[in-house]
Amino acid sequence: MFYTFKEIEEKWQKEWERQKIFSVNSSSGRKKYYLLEMFPYPSGKIHMGHVRNYTIADVAARYKIMQGFNVLHPMGFDAFGQPAENAAIKNKTRPDAWTRKCIEWMKVELKKMGFSYDWDREISTCDSSYYKWNQWIFLKMFEKGLAYKRASAVNWCPSCATTLANEEVIEGGCWRCHTKVEQKDLEQWYLKITDYKEKLLEDLAQLKDWPDRVFSMQSNWIGRSQGVEIYFKLKEADKTIPVFTTRVDTIFGATYIVLAPEHPLVKKIVKGKPQEKSVLDFIDKVSQESKVVRQASDVKKEGVFTGAYAVNPVNNEEVPVWIADYVLMEYGTGAIMAVPTHDQRDFLFAKEHNLLMRIVIKDPEFKAQNPNETSQAYEGDGTQVNSGQFNGLPNQEAKIKIAEWMEKEGIGKIQTHWRLRDWLISRQRYWGTPIPMIYCKKCGTVPVPYDALPVKLPADAPFTGEGGSPLGKVKEFVECSCPKCHGSARRETDTMATFFDSSWYFLRFCSPNFDQGPFDRQEVKYWMPVDQYIGGIEHAVLHLLYSRFFTKFFQDLGYVDFNEPFTRLLTQGMVLKDGEVMSKSRGNIVDPDSIIQRYGADTLRLFILFAAPPETELEWDDRGIEGAHKFLNRVWRIRENLKEKADQDLIKVMHRLIKRITEDVESFKFNTAIAAMMEFVNAIYQSAADREVFSNLLIMLGPIAPHFCEELWQSLGNKESILKASWPKYDPALLVEENVTIVVQVNGKVRSKIDVPAGISESEIKKLVLADEKLKPWLQNKPIKNCIVVPNKLVNLVI
RNA sequence: GGGCAAGUGGUGGAAUGGCAUACACGACAGACUUAAAAUCUGUUGGCCGUAAGGUCGUGAGGGUUCAACUCCCUCCUUGCCCACCA
């Protein structure tokens, strides 16, 4: 006999919607709880990753509702982006029509899962009522000098025909299509996220409930490194070359310096020298190499001598100036001091080109003082040698002393360098938020006035896929009048990166229809910050960093009174099939809808929570889903055998399990919570359960299998939704056992178990243990050296 | 190259100093059935043993401890992040 999941699920989905049971407002007297999942890109179908993400969140939401919280649990769509445009090119549709259809399909599937969303708050970033506020935020940033336009070498994806942010380049390829990224000189809009680098790094410390992984990924990405900028004077010209180092303790071993080939000084210092031609040839060669090739770590380090010399300021030694491909213009000062004995790259380069080496840090384990005897650079700690007045100091101590001394002497400056770059947000794409800027021949770059927002995206544009901004081809869009002089002017035709849209959507959910600003400050004050955020680890750097940046910006504007948007973060693991990530290209996709058809949403929810803890990878198993379904049927049948009065022992078991399940659900250990419920059900089958016992089981299973439990709850005669029932409490008095089983070990090995009354004294336990017949062969009258007693648990006899 | 995480039965996993393998899947057996499915009830880490029981066992090796999957050190493997970053 099976429960009829299809009818039951449809019935309750309709009922929840009719009652508007998940609609919330800020005027409730209850304590707020804001639960948020990373909103999806509307591709049209939900996949197992979505199911897992949203099921985890839904259990938490329903649990919090039952705990009496005022739970905000919204859903929306990150609707701008390239796939819509690509689909438009392929299927000859319009991106907005395609996107809206996808959203409708997706909503149907999300609703079939029974998720507890407040659909009244639904937002789509492609609605002008949303992206109007993207433009508003952009203008505010422009006002504050945080949005600016500059020409520079940018990452360019030839396949997507658009620029990419640094964060969107993964191993030299495009994050979306993996095409090798090229460098292109373009004038583009940037956001000055670097203004917030210190705060973004420091405030990570507040995020105690974030996974360590995300924490370290963010701090790696921001990449603070402390060191010294050292000034090397050029010998023949009145010029100084600053270099940056984190190893100022090795300065006395700096026997040459190396500039990046693009370094502006290079061409000046080689002028007229015999080396001029070889240097220019080398620069030419390097410039033709792509960044990817150049950054591959196995490539041999190449370089040439410039013919110039500089002076090492600590010992006035003349050192040759080289250029080499392994020095990058983008990092530090674009020039390095080379210490071949204590840096492996410098070592290889010096060997190749026969450059002077000098040991300045003595490896405590290694006796050689002659660099020729070493086969690699020593990068560890040691004692200073050949380092003038700093000889004999441990290098870590010398690092500080040398830096201070150099600052005093005016030959160096203690400095901090950062890896974080400004955020490039211009995209040469149609399906995004138009950047609200106007170019006037007379007035220059002029922002669109606030009251002229939104700058609406024209309904259609010619997509050729050939690159260049499609908006540039829409005459009615481009041509406009200058807000200042009213003369003829042109609009900016690039659109914003879609990560802009998702950097503040969590604020919009607090007041999704507010039209006086991006959000209602009172509502935000009530709901924010997000108490629990749930999503994929793939957003650990991009989206989470940008959202933190926006939040800090709003704080500086005085619009919010907190500095971090997400108090707790849970990053759910991926769903695998046969050990591999489910993907179309691998052809190992399991479609959630087919599982819902066959077993129902409740079974799918139960399985996906039971199969693995939320943070770890989950291996999809078709047999496991059968098991989950069987369990629900087993619960269903309990109702037929309810007794007038439950067995007293079962009640005790129940209280113990209420404790365990509550603790597990509270800490998102849904897999063990379900295991405990299964034990509970096994205990019921071995015993006699009554209505109350069964009700408690239903309430606790409710967040996991909501339709199923609502139906049984109603069949017990309850008039209101199970969501209005309060979470069961356990009676601590019933947890106390009269007898406990004590494990008896001899020399750490289990040899016996004895039942004793709970809470008896150590000496009584010892007496009982020594009387135990089972232990006789092990003890054999050997003297007992030690006896460890762990109350109510274990005794260990050491002989 | 650097950083972080993980490694437990046939499988997913549980236990974070105190009985290793909870719970489930799978497998095997029994009950019900003309039969099958479903359901219910058992058994199920390896080795030795008819059994009682013994013994080995949480990637490998070492250490701390009365006691280690758990803490420390070395190594191996896998995954993720960063990376000619000075």
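By convention in this document, chain letters (A, B, ...) are assigned in the order of the sequence lines, proteins followed by strands, and residues within each chain are numbered from 1. The basis for the numbers below is simple: all heavy atoms, side chains too, and nothing from hydrogens, waters or symmetry mates.
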Problem set entry | Any donor-acceptor pair under 3.5 Å from Gln226(A) side chain to Thr416(A) backbone | no
Exercise. Just to confirm, is there a sub-4.0 Å distance from OP1 or OP2 of A14(B) to any side-chain nitrogen or oxygen of Asn671(A)?
Worked result: yes
Problem set entry | Closest listed nucleotide, where the reference is the side chain of Ile788(A) and the choices are C66(B), C19(B), G13(B) | C66(B)
For this session: Give a yes/no answer on whether the side chain of Arg634(A) brings an N or O atom under 4.0 Å of OP1 or OP2 in C40(B).
Result: yes
For this session: May I ask you to establish whether Arg568(A) and Trp210(A) are in a cation-pi arrangement, using a distance under 6.0 Å from NZ or CZ to the six-membered ring centre and at most 45° from the ring axis?
Result: no
Exercise. What does Glu229(A) touch in the nucleic acid at a heavy-atom separation under 4.0 angstrom: a base, only the sugar-phosphate, or nothing?
Worked result: nothing
Exercise. Does any N or O in the side chain of Asp422(A) come within less than 3.5 Å of the main-chain N or O of Thr194(A), such that one atom is a donor and the other an acceptor?
Worked result: yes
Exercise. Do you see a donor-acceptor pair shorter than 3.5 Å between the side chains of Tyr3(A) and Asp602(A)?
Worked result: no
Exercise. Is Arg213(A) near enough to G3(B) that one of its side-chain N or O atoms lies under 4.0 angstrom from OP1 or OP2?
Worked result: no
Exercise. Between the side-chain atoms of Asn220(A) and the base atoms of C82(B), is any donor-acceptor pair under 3.5 Å?
Worked result: no
For this session: Could you check which residues of residues 673-681 of chain A get a heavy atom under 4.0 Å from RNA chain B? Sort them by number, please.
Result: Ala675(A), Met678(A), Glu679(A)
Exercise. Does a nitrogen or oxygen in the side chain of Arg637(A) sit under 4.0 Å from OP1 or OP2 of C40(B)?
Worked result: yes
Problem set entry | Pairing partner (Watson-Crick or G-U wobble, both distances under 3.5 angstrom) of G26(B) | U44(B)
For this session: From the options C84(B), G12(B), C85(B), select the nucleotide whose nearest atom is closest to the side chain of Glu619(A).
Result: G12(B)
Exercise. Is the side chain of Thr4(A) donor-acceptor paired with the backbone N or O of Lys6(A) at a distance under 3.5 Å, no angle test?
Worked result: no
Exercise. When all nucleic acid strands are considered with a 4.0 Å heavy-atom cut-off, which category describes Asn682(A): base, sugar-phosphate, or nothing?
Worked result: sugar-phosphate
Exercise. So does Lys753(A) reach the base of C19(B) with its side chain, donor to acceptor, closer than 3.5 Å?
Worked result: yes
Problem set entry | Gln686(A) side-chain N/O to G42(B) phosphate OP1/OP2 under 4.0 Å | yes
Problem set entry | Tyr326(A) side chain to Glu302(A) side chain, donor-acceptor N/O pair below 3.5 angstrom | no
